[in-house]
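Below is one structure, written out as structure tokens; the observations come after it.
Reminder, nothing fancy here: chain letters follow the sequence lines and each chain counts from 1.
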There are 2 protein chains.
Amino acid sequence: MELKKLEPVGTESLVDKVESRLLKYFKDNELVPGDAIPKEIDLANSLGVSRTVVREALLRLRTLGLVESKKRRGMIFKQPDIINNFARVLDPTLLGEDTMKQLFELRLILEMGMADFLFENRQQKDLEELERIVAEEEATATQKIRFSLDKEIAFHGKLYQMSNNVTLQKFQDLLLPVFNYVYLKETKTNPDVYHYSEGEFVSHGMLLDVLKKGTPESFRNAMRRHLEPHFDHAFRNGSR
Amino acid sequence: MELKKLEPVGTESLVDKVESRLLKYFKDNELVPGDAIPKEIDLANSLGVSRTVVREALLRLRTLGLVESKKRRGMIFKQPDIINNFARVLDPTLLGEDTMKQLFELRLILEMGMADFLFENRQQKDLEELERIVAEEEATATQKIRFSLDKEIAFHGKLYQMSNNVTLQKFQDLLLPVFNYVYLKETKTNPDVYHYSEGEFVSHGMLLDVLKKGTPESFRNAMRRHLEPHFDHAFRNGSR
DNA sequence: CTTAGCATTATGTCATACATATAATATGAG
DNA sequence: CTCATATTATATGTATGACATAATGCTAAG
């Protein structure tokens, strides 16, 4: 006799099931942001579980940013804000060293890769703002050898903004603490000023110049040199 | 008489507060993955709230991947898996068009930006595997003008893998559905074969060749041409 | 020493009651 | 009649207590 294959026993909890059902409900009904969701009691009744379970499932979805709850008004469907989920866990004191390192590498990748979008979207006022940032930086640069971290952030942050990609931009905002952390660690373990290969140093001012008059290709090359110390650091510590 | 500034009323819910307290607890005690967390009842007692509230707070942290719960064993601290949080919400049917578009742009940025890491980490066996993928692709390419989607995924996926950045790699895995979705939409709204500028078409085989013998710089240029249709599409539809 | 069974325990689920905030409606002043 | 204010209804937020369930560790039988 033919035995049926033993189906894996459903090990998922009630809350798990309810969560999937809710997600399916959202998709099937093609909810748009702002649409109301049945109230907890009704859901509990139709699903045949306690309100507790429904609540926990909804709470998960809320944590993921898929629903929003207001007293008396009930719950409404929301477009999940991908990025927001990271915010709470993206804490250098919570993340492992390796994850931090990889996120830092990700930043290098992003800045190298966004050249084309910068050239596509650059506006006169953006370039002017970069100009201001560079000017301020150079005015205060005499006392310190290493550029100050906040000017560094201002310049690169502006670049992300110019990419015109809100998701990317939020992502970068979120990653800032990681950068700071790795950056500080980097300067601490390696306190001596980095020595660029002769004649290869690229400042923010020079980057801006390329952004004005150059091409995506030349900008990438300039950016690569600008980021050289960080790349070297990433490579030196081995890529796992 | 000097009036004290009106302190902003704490609008956060009990669960919010408990969540922050727990996070603070984790950081202060420098928990490492695997460390046990006090049980719900104890937490409820020490914090002076009901078990319900503690549970909801813990549930949020669990949703974020910061803690894991096992029956009888209690809760343990976990290294948050950044990426995993995305998985549930990163569904083309749930995300808005604009977010999708931005994620697709993000892919272009990533592939343009990771050249240096590819050259730093490339291994003979990786190159051989790429070789195999390209060979298979060319063997089946005669019947179709457009390359098949799965070979496309295989090749580019392998590149991500070669970056040796697990976070990046998981990220790409997660974004795959988005790519598929946008890709299909792209070919549907614009069914005619894309016309590369004369003599500029770069195939996977050519990319591989550059990866073997070229430099990060030349690879970026080759990749830029390879991705040209996608870039054009991104630019054509305006960057918001 | 191994194994089967049992007791223990922390999370998972349920039921119920009450608190709280707010949308909707009713009320009153002008 | 219009606008501001008070009332009420309602859905979420919190509390409490009970029981279910599964995994752990102990115990006793083999």
* Should the pair F171(B) and F171(A) be assigned to parallel (<30°), tilted (30 to 60°) or perpendicular (>60°) ring geometry? -> parallel
* dT11(C) phosphate, OP1 or OP2: any side-chain N/O from R55(B) under 4.0 angstrom? -> no
* Structure fact -> When rounded to whole Å, the CZ to P distance for the pair R51(B) and dA15(C) reads 16 Å
* **Residues S163(B) and N165(B): side-chain donor-acceptor under 3.5 angstrom** => no
* Taking C-beta and beyond as the side chain, do L159(B) and M114(B) meet within less than 4.5 Å on heavy atoms? -> yes
* Per K71(A) side chain, nearest of listed nucleotides dT20(C), dA23(C), dT11(C) -> dT20(C)
* Side chains of D16(B) and R60(B): closer than 4.5 Å at any heavy-atom pair? -> yes
* To do: Please determine if a side-chain N or O atom of R62(B) lies less than 4.0 Å away from the OP1 or OP2 oxygen of dG12(C).
  => yes
* Structure fact -> On a heavy-atom basis, the closest approach of I133(B) and A154(B) is CD1-O, 3.7 Å
* Distance check: side-chain N/O of S69(B) vs OP1/OP2 of dA10(C), anything under 4.0 Å? -> no
* Decide yes or no for Y160(B) and L168(B): does some side-chain heavy atom of the first lie under 4.5 Å from some side-chain heavy atom of the second? => yes
* Opening and closing nucleotides of DNA chain D in contact with chain A, under 4.0 Å to non-hydrogen atoms -> dA9(D) to dT14(D)
* To do: Establish whether the base of dT8(C) is bridged to the side chain of R72(B) by a donor-acceptor pair shorter than 3.5 Å.
  => yes
* For atom NZ of K70(B) and atom P of dT8(C), their distance in whole Å -> 24 Å
* To do: Specify the separation, in whole Å, of atom CD1 of I41(A) and atom P of dT16(C).
  => 10 Å
